[in-house]
Amino acid sequence: AYLRRSGRFAYVRGSEMVRVTHAHGGWERVDGLFRRPPRSTAEVAAIASGRAFRPISVELERPRAIPQRCRMSAVETLGEQLLGQSVQRWSVTSDSTMLSGWRGDRALLFEDCRGDEELALVARVLFRTRRNAARAMAALEHGQRRRFRRGRSLERRNISLTEMERSRYVALAVEGPQLLICIGFG
């Protein structure tokens, strides 16, 4: 389903982005998309709708708490579409406004943290407001409770920690307009 939605998004919204860009500046402006491509699915969707949108560049350094044995294998922007699909997959609602106010994100992917092939992720997602960030966190928390019913859960006002399986956790925290996500560390 994810690949089908991703492919449909790329063809439908991508071709619409090219059509709108061409209508507002011809092929020279379309060529500009190759020189400075959109950085996120949100930007593609905005251009396709005729709106201006540039995601905010989000910085994220390797947290000191992550053991040195964890090898960082990727630094990525997840984008509004992938985050939205993940939230919808975990949550009972298909409410498309769960990620409203998304402004940018940065994710670090780690491998071999426990001497196995398991992956772990740390991400910082920036929203327009703290309320937007809290709403996304609430949707993810709800999905965690459904998906990891046997795991222990600790929830405080701005922090949620859920055990996925023995010694592997999902941690969420809201800090101002940011949602911080850690998945897979034990």
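Numbers here simply count residues along the sequence, with the first being 1.
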*Between Arg124 and Asp105, is there a donor-acceptor pair closer than 3.5 Å when you use the side chain of the first and the backbone of the second?*
no

*Leu179 side chain reached by Ile181 side chain, heavy atoms, under 4.5 Å*: yes

_Separation of Ile183 CD1 from Phe110 CZ (nearest 0.5 Å)_ = 13.0 Å

*Are the side chain of His22 and the backbone N or O of Val18 linked by a donor-acceptor pair below 3.5 Å?*
no

*asked:* Between Arg106 and Thr77, does the side-chain contact (heavy atoms from CB on, under 4.5 Å) criterion hold? Intermediate values first, please.
replied: CA-CA 5 Å; Arg106 178 63 79 205; Thr77 296; 3.3 Å; yes

_Quick check on Arg62: does its CZ atom have over 12 non-hydrogen neighbours (other residues, nucleotides or ligands) under 6.0 Å away?_
yes

_Restricting to non-hydrogen atoms, name the atom on Leu121 and the atom on Ala107 that form the minimum distance, rounded to 0.1 Å._
CD1-CB, 3.9 Å

*Are any non-hydrogen side-chain atoms of Ser73 and Leu108 less than 4.5 angstrom apart?*
no

*Looking at Met72 and Val75, what are the two nearest heavy atoms and their distance?*
SD-CG2, 4.0 Å

*Determine whether Val12 and Glu16 make a side-chain contact, defined as any pair of heavy atoms from C-beta on separated by less than 4.5 Å.*
no

*Separation of Glu61 CD from Ile66 CD1 (nearest 0.5 Å)*: 12.0 Å

*Can you measure from CD (Gln178) to CG (Asn132) and round to the nearest 0.5 angstrom?*
13.0 Å

*State, yes or no, whether a side-chain contact exists between Glu111 and Cys70 at a heavy-atom distance under 4.5 Å.*
no

_Any side-chain heavy-atom pair of Leu172 and Leu180 under 4.5 Å_ = no

*Within a strict 4.5 Å, meaning less than it, do heavy atoms of the Cys182 and Val122 side chains meet?*
yes

*Might you point out which heavy atoms bring Gly104 and Val58 nearest each other, and give the distance in Å?*
C-CG2, 3.5 Å

